[in-house]
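Protein chains get the first letters and strands the later ones, always in sequence-line order, with residue 1 at the start of each. For the numbers below, each heavy atom of this structure counts, side chains included, while hydrogens, waters and symmetry mates do not.
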4 protein chains.
Amino acid sequence: MRSENQSSGQKSRSFIEEARRAQIIASAVEVIAEVGFAQASLARIAQHAGISKGVISYHFAGKEELMEEVVNSVYGEIAAHVMARVEGVEGPTALLRTHILAVTEHMRDHRTRLKALGEIFYNLRTADGQPRYGVKANEELYQAMEQIYAYGQRTGEFRDFDRRVMAVTHSSAIDNMFAYWVANPDHDLDAHAAELADLFERACRR
Amino acid sequence: MRSENQSSGQKSRSFIEEARRAQIIASAVEVIAEVGFAQASLARIAQHAGISKGVISYHFAGKEELMEEVVNSVYGEIAAHVMARVEGVEGPTALLRTHILAVTEHMRDHRTRLKALGEIFYNLRTADGQPRYGVKANEELYQAMEQIYAYGQRTGEFRDFDRRVMAVTHSSAIDNMFAYWVANPDHDLDAHAAELADLFERACRR
Amino acid sequence: MRSENQSSGQKSRSFIEEARRAQIIASAVEVIAEVGFAQASLARIAQHAGISKGVISYHFAGKEELMEEVVNSVYGEIAAHVMARVEGVEGPTALLRTHILAVTEHMRDHRTRLKALGEIFYNLRTADGQPRYGVKANEELYQAMEQIYAYGQRTGEFRDFDRRVMAVTHSSAIDNMFAYWVANPDHDLDAHAAELADLFERACRR
Amino acid sequence: MRSENQSSGQKSRSFIEEARRAQIIASAVEVIAEVGFAQASLARIAQHAGISKGVISYHFAGKEELMEEVVNSVYGEIAAHVMARVEGVEGPTALLRTHILAVTEHMRDHRTRLKALGEIFYNLRTADGQPRYGVKANEELYQAMEQIYAYGQRTGEFRDFDRRVMAVTHSSAIDNMFAYWVANPDHDLDAHAAELADLFERACRR
DNA sequence: AATGAATGAGTGTTCATTCAT
DNA sequence: GATGAATGAACACTCATTCAT
């Protein structure tokens, strides 16, 4: 989302620096996904990347910035994937289904990244102890979903429900489908997604 | 060694000890709810309770035992409340609504307790690094919910959906309603619950 | 060794108090022998005795006094036993043999007590960090042994060696026979003692 | 990953790291010798070395590793010294004398190191509470001594005694000579050693 | 005479961060 | 750019001791 010209006092980063940052972010993702946020110390992340601990501090202002960059990185990927899949789909019901299935698709292929994302979302706190993300950070996502519902209500395909409640529920259903699948790897993710699509179609329709 | 209600080998606890344990558990709940699991050190819990750090170690075998007792305490409360509300309710649809509304009711009055419960559930790990609870610990809850769905499917009121998917979704919807409400205290919890009841009624019915 | 009248400002101890002290000392002996001095906390000693931790503090000024009483108690026993065995024995060589054999005899029957004694001797330190016993505490023992050697040298049965060196060596040989036996319970203690008697007889004789 | 003298999987240690390790080991030796094993906390060792507590944890995996390194370091020294002195000595009697005198020589110059060695030997326990060294750890030493005795018995210079008893006694005589000297610094160590040599020569000879 | 509760200093260990090289 | 060394605060936990009951 950064503008191409790197304006506004933002120092431009060299290619090599970007590569290092990417490497560290990737290592952080893997470590967090494997051992959980609390056990993901900088030492562990550095060791996993095969670099010195100091490098992380050199490239990131602190642990918090590293974590935020992980979130940005992973979040960007998933948004891009869903955007691409949803493009051109017509009608609110189809949109709803497509959204669920697209996210699921991405989950299947990026399990680790999403696991790490969830860990950080849930656990990262700012210096003053407040959750850095938390439910509030989903606001953007909720608004995107609400647009789909509003569209459906406008066309008359959807009944007159509370769009925020539906968005929160929809979002949580997907998050937990993922968590359940991570905990039970034999669980049939695609079947779960299909069930979910049915469920929300019925919940929404007139 | 006391009397009839002392099971074998279980050391009896004095009244004063029970009181202290309860006080410490309450303090732990408040601290966890406020600053999160990771920041809830024994020092902080003790300070919040206005007691010395050692007292906690004196009354609990370790941090793990304290956390487990918090879980037992809070989990017991909520189960008791829901059981009581659900008793005597007839028919799967009514059961479904009642369950959602009963849990919501309890949430309104025990916000911090439930917040703490969630934190521990999500974060507590055993000495070997494995999650102490985690999604798998919901198994019992899922099975209880599946019984309601099976009942509805038997009577023909409910359609033929995957009961496990519904249970996971249902459970996550309630958890996140709570989380959303904690993050947005002005949010109308009761209206949210009513919407949720509608949503799942529609998702389940034939 | 206390005079029968309990004079000199020393408060007399009731029968029940003496019994408790003896019980605590016995428990301390067993715990120290089993887990070593460093792991022998008051809590452990109290638990082993089936009493409350506070009782120990009530009956003894502190851990140091308890340890000293253990030493007095065990040391007294062994001295009494050897004294009795040695009485009436004639000639320095016979005296030497008898001493070694008498101590060994006592060891066989009071393994735990002697183990505890050794632990305290080696580990107990005063508040200022100095060893409470240590080699110096053997002075009394060394002098007793030196009397036997002097006797033998006077009669001409023993050659003209340094009596202090012999006493230190003799004493250490017995201590380590014991330690070796504790570490290797199948070791033949009596055979070891007999060998030791031969060894010192040859080392001493003209 | 450095060069030829790096065996497989063994991380190479920088010069500066080796220096720090050596400094910490030296500090540990001094502190243990002065205040005893039990009082030798990492905090004390760090303070004595004029460094932060964390440095020790940085350079050693834990207290146990530090202690083992102290043992290795000191034990290696003494073994090397005795080996060098004993080399080329002919005949069991001369070997016996040389061994005693060589060890004594080393003691005179490395008092604190040997004191620390003894403390660790006697006190260090593994995580499960078992002695890390203890009498059994002398096995190697005993076997070395037994070879000297067997040699003397083969040549006929030594009588037919139990070699294990002699080894235990010999070893303990030297240990206690040292302990006695530490407790009584004015004691004439060389004279003691000479007496000991006589003593064991007479105890062994036909 | 005995207890159980509480204390507070001390333990080894972990970790994000800093900094000279 | 990168490193490894060092820091110091924080962690859970242990323990001898004190004290009201």
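Taking 4.5 Å as the limit, every side-chain heavy atom of A:M67 sits out of range of all side-chain heavy atoms of A:E64. When side chains are defined from C-beta on, C:T112 does not count as touching C:K115, because their heavy atoms never get closer than 4.5 Å.
Stem analysis of DNA chain E (Watson-Crick or G-U pairs, both distances under 3.5 Å, runs of at least three) returns E:2-21 with F:2-21.
Counting to the nearest Å, the P atom of E:dG8 and the CG atom of B:L42 are 16 Å from each other. Note: CD (D:Q47) to P (E:dT11) measures 10 Å, nearest angstrom.
Residues from residues 48-58 of chain C placing a heavy atom under 4.0 Å of any atom in DNA chain F, listed by number, are C:K53, C:S57. Shown for residues 59-74 of chain D: residues whose heavy atoms fall under 4.0 angstrom of DNA chain E, namely D:G62, D:K63.
Rounding to the nearest 0.5 angstrom, the gap separating the CD1 atom in A:I120 from the CG atom in A:L66 is 7.5 Å. Rounding to the nearest 0.5 Å gives a distance of 7.0 Å between OG of D:S27 and CD of D:Q23. Atoms OH and OH, on D:Y133 and D:Y75 in that order, are 10.0 Å from each other to the nearest 0.5 Å.
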Derivation of the side chain to side chain contact (heavy atoms under 4.5 Å, CB included) call for C:L117 and C:V71: CA-CA 6 Å; C:L117 183 68; C:V71 169; 4.0 Å; yes
Under the side chain to side chain contact (heavy atoms under 4.5 Å, CB included) criterion, do B:R21 and B:I24 qualify, and how do the steps go? CA-CA 5 Å; B:R21 283 174 67 97; B:I24 292 167; 5.8 Å; no
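Mapping A:R44 and D:S41 onto DNA chain E by nearest heavy atom places D:S41 closer to the 5' end of the strand. Along DNA chain F, the nucleotide nearest to D:R20 and the one nearest to C:A38 differ in position, and the one closer to the 5' end is contacted by D:R20. Position along DNA chain F of the nearest nucleotide to B:A43 versus D:I16 favours D:I16 as the more 5'-ward residue.
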Please report, to 0.1 Å, the donor-acceptor pairs under 3.5 Å made by any side chain of residues 43-61 of chain B, with sequence neighbours excluded.
from  : atom 1 : to    : atom 2 : distance (Å)
B:H48 : NE2    : B:E30 : OE1    : 2.7
B:S52 : OG     : B:G54 : N      : 3.2
B:H59 : ND1    : B:E17 : OE2    : 3.4

Please list, one pair per line, the donor and acceptor atoms closer than 3.5 Å that link side chains of residues 121-132 of chain C to other protein atoms, with sequence neighbours excluded.
from   : atom 1 : to     : atom 2 : distance (Å)
C:N123 : ND2    : C:E119 : O      : 2.9
C:N123 : ND2    : C:E119 : OE1    : 3.4
C:R125 : NE     : D:V35  : O      : 3.4
C:R125 : NH1    : C:G129 : O      : 3.0
C:R125 : NH1    : D:V35  : O      : 3.0
C:T126 : OG1    : C:D128 : OD1    : 2.4
C:T126 : OG1    : C:Q130 : O      : 3.1
C:D128 : OD1    : C:Q130 : N      : 3.3
C:R132 : NE     : C:E68  : OE2    : 2.6
C:R132 : NH2    : C:E68  : OE2    : 3.3

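Scanning all heavy atoms of the two residues, the minimum distance from C:L42 to C:K63 falls at CD2-CG, 3.9 Å. Across all their heavy atoms, A:A116 and A:I32 have their closest contact at CA-CG2, 3.8 Å.
Atom CD of B:E34 has 12 or fewer heavy atoms from other residues, nucleotides or ligands within 6.0 Å.
For DNA chain F, the contact window with chain D, defined by any atom under 4.0 Å from a protein heavy atom, covers F:dG4 to F:dA10 in 5' to 3' order.
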